[in-house]
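See structure below.
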Amino acid sequence: MIVSAGRLWLLTTASSGYVVRLDADDTPRCAHWGPPLTLDQARDLPPGAEELPVEGGERFGVPALQLRYADGVRGAEWRFLGEELDGERLVLRLADRHYPLEIGLHYRLRGEVLERHTTLVNHGDTPITLLRCDSAAWSPPGREAWRLTHVSGEWGGEFRLRRTPLPVAETVLTSRRGHSGHEVNPWLMLDAGEATEAHGEVWSTALAWSGSWRMTVRREHGGGLTWSGGHGHDGLTWRLEPGGRAETPVFAGVYSPDGFGGASHRWHDYLRDDRLRPVVYNSWEATGFAISPGQQLALAERAAALGAEVFVVDDGWFAGRSSDRAGLGDWHADPGRFPDGLEPLADAVRALGMGFGLWVEPESVNPDSELARTRPEWILGQPHRRATQVRNQLLLDFSRDEVAEWALGRLDHLVGRYGVAFLKWDMNRPVTEAGDDVWIPYIRNVYAVLDRLRAAHPGLLVEGCASGGGRADPGMLARTDQIWTSDNTDAAQRLAIQHGYGHLYPAATMGAWVTDSPNAQTARITPLAFRFHVAMAGALGLGGDLLRWSEQELAEAAGLVARYKEIRPVIHRGRLDRLGEHAVQYSHEDRVVVLIRRPSTLLPATAPVRPRGLEPGAAYRDEDTGAVHHGAVLLSHGLPQPLPFDATSTLTRLRRLR
Ligand code: GLA
């Protein structure tokens with residue numbers, strides 16, 4: 001609910017309150033972000049930090065908006081123009097006191113989440129240079145200490161959770177890579193050092209942007225904390241032409257009065273939809289680039305027998321693509337490997353009862369491709385600079401509309417011609433040698449192509465990928481169904497990756513395959529059930545070389561896929577509670593599923609695992625053993641740990657009796 005009261009606005013959700021107020025000189029300030037307040041209480045608040053700090057006057061913090069007018073003058077002096085209030089949406093319209101610049105501060109309540117972004121309009125006849133144009137700045141009430149929670153990582157080791165005391169300094173989280181990044185992900189959580197999974201105040205924000213970004217957190221000597229974030233990395237500048245309008249991505253915020261788990265619940269509710277994701281088989285780890293119709297069909301037959309619902313041919317199906325040295329850009333079936341085209345395979349996959357899926361990397365091009373030879377002017381680069389190749393590939397300049405149109409045309413053709421049900425959209429290299437005017441329009445065109453493709457093919461599912469989890473963010477998740485979380489499919493290592501991913505993103509969006517043992521990346525040997533119990537925690541997929549699995553393994557896998565489908569509504573639609581690093585609980589309606597995975601006995605994890613949120617007075621039946629437990633006993637004494645060996649796991653299914 002949003003209430004407007006003169007020069008004060010009160011935005012309230014079920015468990016949070018946010019108060020914006022105008023100063024005597026029209027500067028907008030955040031007077032409160034925390035538990036809900038009444039209007040009376042809100043009138044009593046001290047002024048608070050700026051909603052969108054600018055340069056000028058006695059301001060020495062982090063500017064969210066940094067601009068230069070044509071005459072060299074910088075900063076802004078605020079003038080309030082008016083409000084637009086429409087249900088759960090509010091726009092505060094402001095302008096500079098002198099220069100013809102209009103600034104809109106936009107607010108939208110969606111459930112427990114407050115979405116914010118900024119718009120700028122240049123009403124003058126000279127350009128304005130933007131050095132920084134953040135979506136929003138955030139400021140909780142002051143506390144003695146602050147602690148930062150975020151994820152960091154690398155290829156094969158994305159989303160590792162970090163929780164560290166915040167220094168009295170400016171701390172920057174950023175990606176300069178043109179995608180949201182393996183190294184860090186565009187969200188953060190802050191608490192006063194006391195919050196736990198289930199208790200304590202946590203303030204968190206996430207940026208819906210899939211390109212470069214920056215968030216700067218400033219902890220002051222006196223306990224104050226503000227952070228500002230938005231698209232673009234340091235050093236990028238934009239021009240706002242006369243008559244031009246700029247709109248930043250959404251930077252959303254969540255206040256949780258009940259710990260990190262409470263923050264995650266609210267983010268999951270916001271980022272989740274109700275659809276159940278299919279069990280996907282993907283042939284990449286099994287066959288790499290060496291693919292043939294016969295071998296893909298043989299895999300498809302086994303995948304179908306295991307219960308897979310979609311069969312995805314990964315890299316290697318298109319013209320010239322027998323290694324990563326050639327072919328990107330030439331999106332038609334390789335005539336050597338698929339002399340009859342892809343239709344026979346696609347038809348056979350459908351005849352087996354599965355959807356047909358394809359891997360694509362529309363933004364990239366190998367120098368050794370027809371596309372690079374015929375359209376060299378489409379390749380992203382700068383004069384007098386080397387063209388950096390990563391994985392032997394360059395990027396197309398997606399900021400150019402004709403390139404985006406071409407990509408949309410190719411994808412639309414592939415989806416229509418082969419009846420593609422599932423597209424894995426990959427991006428295997430960062431952006432380099434790009435001018436200032438490329439970075440932001442590039443991502444907007446990636447979004448536009450995805451949006452238009454999906455509008456034209458409403459049933460199409462899309463998996464977002466950038467060498468694993470390099471481009472996972474709320475912006476990408478708004479237009480994809482799931483994310484390929486990591487190229488690392490070692491179940492033991494996946495636990496940490498999934499633990500971090502799940503802090504913000506819902507389980508239904510977390511692509512997770514069961515692959516071979518020994519694992520292709522780490523050579524670790526693990527039981528099949530352990531691998532399943534890790535991958536079942538998200539959108540289960542299969543990625544092993546099924547032609548080498550024994551009859552016994554295939555039978556066990558078929559049983560586990562069936563079991564997963566039976567609990568899938570609980571996993572995909574339920575509330576996720578983390579019960580330590582290695583155990584997760586999903587609760588939906590009268591059902592509870594607990595997965596406990598013990599990767600190594602070297603870790604001290606022998607205490608019973610205590611579920612959360614059960615009704616103490618209710619009885620719960622274990623759906624496998626039939627035993628009936630009291631909620632109060634389960635809450636207090638927990639479930640036993642799996643056997644004390646490496647890579648052991650249990651799956652417990654409880655149903656509340658009434
Ligand atoms: C990336 C993806 C992998 C696979 C390969 C294919 O690395 O993350 O899953 O699709 O590309 O080249």
Side-chain angles (χ1 to χ4, degrees), residues 153-159 177-183 185 210 280-291 295-296 299 303 310-331 334 337 356-366 368-369 389-395 411 414 420 422-430 461-473 476 480-491 493-494 497-498 501 509-516 519-522 535 538-545:
E154 58 189 330
W155 174 83
E158 300 88 336
F159 307 110
R177 293 171 180 257
H179 56 54
S180 35
H182 294 86
E183 291 70 22
N185 200 261
S210 309
V280 170
Y281 178 85
N282 179 300
S283 61
W284 172 246
E285 268 201 39
T287 53
F289 293 107
I291 65 176
Q295 151 236 55
Q296 293 294 303
L299 284 167
V310 172
F311 181 87
V312 181
V313 181
D314 205 277
D315 203 347
W317 59 267
F318 46 97
R321 188 69 168 173
S322 53
S323 76
D324 64 16
R325 306 198 71 84
L328 287 174
D330 298 343
W331 301 111
D334 184 69
R337 263 162 288 155
F356 180 66
L358 273 184
W359 177 95
V360 288
E361 194 179 341
E363 298 149 75
S364 284
V365 59
N366 285 115
D368 185 2
S369 66
Q389 290 189 30
V390 180
R391 207 193 190 205
N392 308 304
Q393 68 202 56
L394 300 164
L395 283 175
L411 294 170
L414 286 175
V420 171
F422 185 102
L423 205 61
K424 177 173 170 189
W425 180 311
D426 208 340
M427 193 242 191
N428 276 311
R429 54 153 300 164
L461 297 173
V462 181
E463 180 173 60
C465 175
S467 308
R471 196 162 64 180
D473 55 78
M476 202 33 82
T480 56
D481 300 279
Q482 61 192 63
I483 297 291
W484 176 229
T485 319
S486 177
D487 281 342
N488 184 345
T489 63
D490 176 332
Q493 294 199 6
R494 272 269 174 161
I497 295 171
Q498 298 186 176
Y501 182 90
T509 69
M510 184 173 75
W513 305 340
V514 172
T515 55
D516 297 336
N519 180 267
Q521 290 89 15
T522 64
L540 174 74
L542 302 166
D545 185 353

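Whatever order the structure lists them in is the order used to number ligands and atoms, beginning at 1.
Not a single salt bridge (charged side-chain N to carboxylate O under 4.0 Å, His left out) links D487 to another residue, sequence neighbours left out. In terms of the salt bridge (charged side-chain N to carboxylate O under 4.0 Å, His left out) criterion, residue partners of D481 (sequence neighbours excluded) are, by chain and number, R275, R454. The salt bridge (charged side-chain N to carboxylate O under 4.0 Å, His left out) search around D426 returns none, not counting sequence neighbours.
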Contact table ligand 1 N or O to protein N or O, d under 3.5 Å:
unit_1   : atom_1 : unit_2 : atom_2 : d
ligand 1 : 7 (O)  : N428   : OD1    : 3.4
ligand 1 : 7 (O)  : D487   : OD2    : 3.0
ligand 1 : 8 (O)  : G468   : N      : 3.0
ligand 1 : 8 (O)  : D487   : OD1    : 2.6
ligand 1 : 8 (O)  : D487   : OD2    : 3.0
ligand 1 : 9 (O)  : K424   : NZ     : 2.8
ligand 1 : 9 (O)  : W484   : NE1    : 3.4
ligand 1 : 9 (O)  : D487   : OD1    : 3.1
ligand 1 : 10 (O) : D314   : OD1    : 2.6
ligand 1 : 10 (O) : D314   : OD2    : 3.3
ligand 1 : 10 (O) : W359   : NE1    : 3.0
ligand 1 : 10 (O) : K424   : NZ     : 3.0
ligand 1 : 11 (O) : D426   : OD2    : 3.0
ligand 1 : 11 (O) : N428   : ND2    : 3.2
ligand 1 : 12 (O) : D315   : OD2    : 2.6
ligand 1 : 12 (O) : R391   : NH1    : 2.9
ligand 1 : 12 (O) : R391   : NH2    : 2.9

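Between W284 and F289, the gap from one ring centroid to the other is short of 6.0 Å.
Side chain to side chain, Q498 and T485 fail the donor-acceptor criterion of an N or O pair below 3.5 Å.
Classification of the W513-W484 ring pair by plane angle, with boundaries at 30° and 60°, yields parallel.
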